Amino acid sequence: MLQTIRERKSLQLLGLMLPGGFWLILFFALPLALIFAISFMSRDDLSRPALPLTLANYQQTFDPLYINLFLFSVGLSLLTTLITLLIAFPVALFMARLPKRWRNIMTLLVMIPFWTNFLVRTYALQFLMRANGPINTLLLSVGLIDEPAQMLSTPFAVLVGLVYGELPFMILPLYTSLEKFDWSMIEAAQDLGANALKTLAHVMLPLTAPGILAGSILVFVPSVGSYITVELMGGGKINMIGRVIAQQFGQSSNWPFGSAISLLLMIVVTLAALVYFRIGRGERGAV
Amino acid sequence: MANDFAVELREVVKLYGTMAAVDHVSMSIRHNEFFSLLGPSGCGKTTCLRMIAGFERPTSGQILIDSRIMGLTPPFQRNVNTVFQSYALFPHMTVEQNVAFGLEMKGVARAEIARRVGEALALVRLPHLAKRYPKQMSGGQQQRVALARALVNRPKVLLLDEPLGALDLKLRKEMQIELKTLQRDVGITFIYVTHDQEEALTMSDRIAVMSHGKALQIGSPLEIYERPACKFVADFIGETNFLEGRVTAINGEFATLSVGAGQTFTGRRVNGLRVGDPATLSVRPEKMQLVEHPVDGAVNTYEVTVFSIAYVGSDTRVIINLGGQRLDVWEQNSTSTLNPDDYFFKPGEKAWLTFKPENALVLAQ
């Protein structure tokens, strides 16, 4: 009797897991396995992945050209993460201290950009920063510059595009952790002799670390692999690792090499995230 | 020196919008005193404490700590420490780290910190839990940590905001005695906010009774209980009976009041009462007696009907009917028998109510 109930329970559990499991296998595990397989293949006369198996694709990724591209991508993404954090923290802090009703309205405002297609928004940003765009026109008319500043097709433009696009992903997790923050902690710290800076360093940051960690991962990971922003803001002159991958699968028709870079990027990002979380956990003690 | 007080409030006002949370409060708290701010929620007691700590600024008036005007001095530069109602322990630090926090902020040497943290934890009898995190401890233990974290800084004044509010009754009673003993031992001025009158009476040297932002009376527990200055204090502290009436005669310290259908009562009067004024007689239930036969010519003596009785162990609580008004009378059960009839009158029986004029107060309306 007990046995059959237990069996039925585990059957029910299996039933519940089926849709999610099916989804994961079809859209995550299977493509990943394919990429893994292709990354060890060579190409036939029509550039299609073919046998024999080879390690050449991986050897090619260690070309200084790609190493530098990778370092540049990581550096720019780290900078993006830092800047979004510096902008998002005061915003999230402000939101969390508003009355309840206003908080929901502010959350909505932060999410409104999502209602417009990302491509369209990036084009709008591109338009703003053009040589004869509104920003240059304004700076020229005020007399701050004598000739239009070259903003597009620079690392700066890509950085602006990334910060703009990723900002909500930093604000929302930060806001979530600040909203739950117990403000009497601040008073306790001040009562015990901590000034604003010490309160921030010893109490506020450690206690909001989960939000900072989540926001940083949410910003950093898509930034490293970003493609559209690099393509549009970089004007074809700035290259990042995401764009290289896209090129290999597109113009260059080199799926095996594209697969190899994709896998390596994924491994590096996963390792970085793990290390980051480990540090974060140490920082937060037994919370 | 004229103002040799630990803390002084001079005509302090705190407005929120147009609402006065604290309304012209003045009080002087002596060195090494256990001083309580007592009142119902919303009476302004916590706001007073927060202004002393520096978390809120008075709209007008002055606050002095150790004879120095505080003005805009931020909390981290005031020689006071707070024990918060929620304890506000840092969840990411161990007990030890929590207690050390204040000393670290002041840049005290490492060895000195270790020594003083050890002393503070010994003082609250928690040295064995130094490595625990707050979440792994009971409410009572967290309370002690909060106390140690504040006391380790050796503040001039310790501010306590209903620190026992979250504890169960038995633990509360224990902690009340412990806090009082601790205060005597460390010799630090305690300012203690509570809405629990028994707590305030048990622990305090002096109490300020507050209501609607005003300090109605400041005095020792004895003064507050035996000589309340107004109706609110008489009602808020302990139990009392009120009889409304009009002053018919004044005789030295005493006033006579005519109430209801022609009965007159005499009691101690507060200053400023005149013949003809409306007034209230306040008499505590344990200060009246019920007798079978009245003494001839005795004042404050009338025939009443017993309405209900409740035996509560140490005494019997009787509700009587005096000309349509119900009064509480508590009779001490000073002899032990098993016969219920020995304990008192039964409901419906007639009895005589009597009390001495010294045991009643005539208060202004």
Side-chain angles (χ1 to χ4, degrees), chain A residues 85 89 92-94 96-102 173-217 275-287, chain B residues 46 49-50 52-56 73-108 113 117 120 131-137 142 145-146 148-155 157-161:
Chain A
L85 181 62
F89 199 88
L93 193 64
F94 170 75
R97 309 251 28 195
L98 285 173
K100 186 98 192 147
R101 203 172 63 92
W102 284 100
L174 272 183
Y175 164 70
T176 310
S177 82
L178 281 169
E179 198 198 14
K180 286 180 292 185
F181 188 74
D182 179 0
W183 299 102
S184 67
M185 294 293 148
I186 302 288
E187 291 189 344
Q190 293 195 327
D191 189 74
L192 293 165
N195 57 26
L197 209 63
K198 282 177 175 169
T199 304
L200 185 74
H202 293 284
V203 177
M204 193 115 196
L205 286 182
L207 287 178
T208 50
I212 296 174
L213 283 176
S216 302
I217 297 282
V275 169
Y276 199 48
F277 271 125
R278 179 67 48 85
I279 294 168
R281 200 170 305 145
E283 182 95 352
R284 284 184 293 133
V287 177
Chain B
T46 296
L49 199 78
R50 292 175 58 79
I52 299 170
F55 300 135
E56 315 265 353
T73 310
F76 58 88
Q77 284 170 1
R78 295 185 182 208
N79 195 7
V80 299
N81 284 113
T82 308
V83 176
F84 293 86
Q85 186 169 16
S86 62
Y87 313 142
L89 297 175
F90 304 125
H92 60 301
M93 298 182 194
T94 62
V95 166
E96 210 170 34
Q97 289 166 336
N98 262 285
V99 177
F101 189 84
L103 298 177
E104 273 166 13
M105 290 303 113
K106 290 186 190 77
V108 176
I113 292 180
V117 167
K131 305 285 181 205
R132 289 264 186 101
Y133 284 92
K135 270 194 189 149
Q136 304 165 316
M137 309 176 81
Q142 290 185 29
V145 176
R149 186 178 69 170
L151 282 173
V152 78
N153 304 291
R154 295 179 188 152
V157 180
L158 189 70
L159 307 171
L160 303 103
D161 185 9

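Values reported hereafter were calculated over all heavy atoms of this structure, with side chains retained and with hydrogens, waters and symmetry mates removed. Chain letters run A, B, ... following the sequence lines, proteins first and then strands; every chain starts at 1. Note that this is a predicted model, so its numbers are computed, not measured.
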Asks: Near A:Trp183 CH2, under 6.0 Å, is it more than 12 heavy atoms from other residues, nucleotides or ligands?
Replies: yes
Asks: What residues of residues 76-84 of chain B make heavy-atom contacts with chain A at a cutoff under 4.5 angstrom?
Replies: B:Phe76, B:Val80, B:Asn81, B:Thr82, B:Phe84
Asks: Side chain, backbone, both or neither: which part of B:Leu89 has a heavy atom under 4.5 Å from chain A?
Replies: backbone
Asks: Please find the pair of heavy atoms, one from B:Ala88 and one from A:Ala188, that lie closest to each other, and give the distance.
Replies: O-CB, 3.7 Å
Asks: Nearest heavy-atom pair of B:Met105 and A:His202: which atoms, and what distance?
Replies: CE-CD2, 3.5 Å
Asks: Would you indicate whether the side-chain heavy atoms of B:Pro91 and A:Met185 approach each other to under 4.5 Å?
Replies: yes
Asks: Just give me the residue among B:Arg50, B:Glu104, B:Lys106 that pairs up with chain A most often, heavy atom to heavy atom, under 4.5 Å.
Replies: B:Arg50
Asks: Is A:Leu192 close to B:Phe90 at the side-chain level, that is, under 4.5 Å between some pair of heavy atoms?
Replies: yes
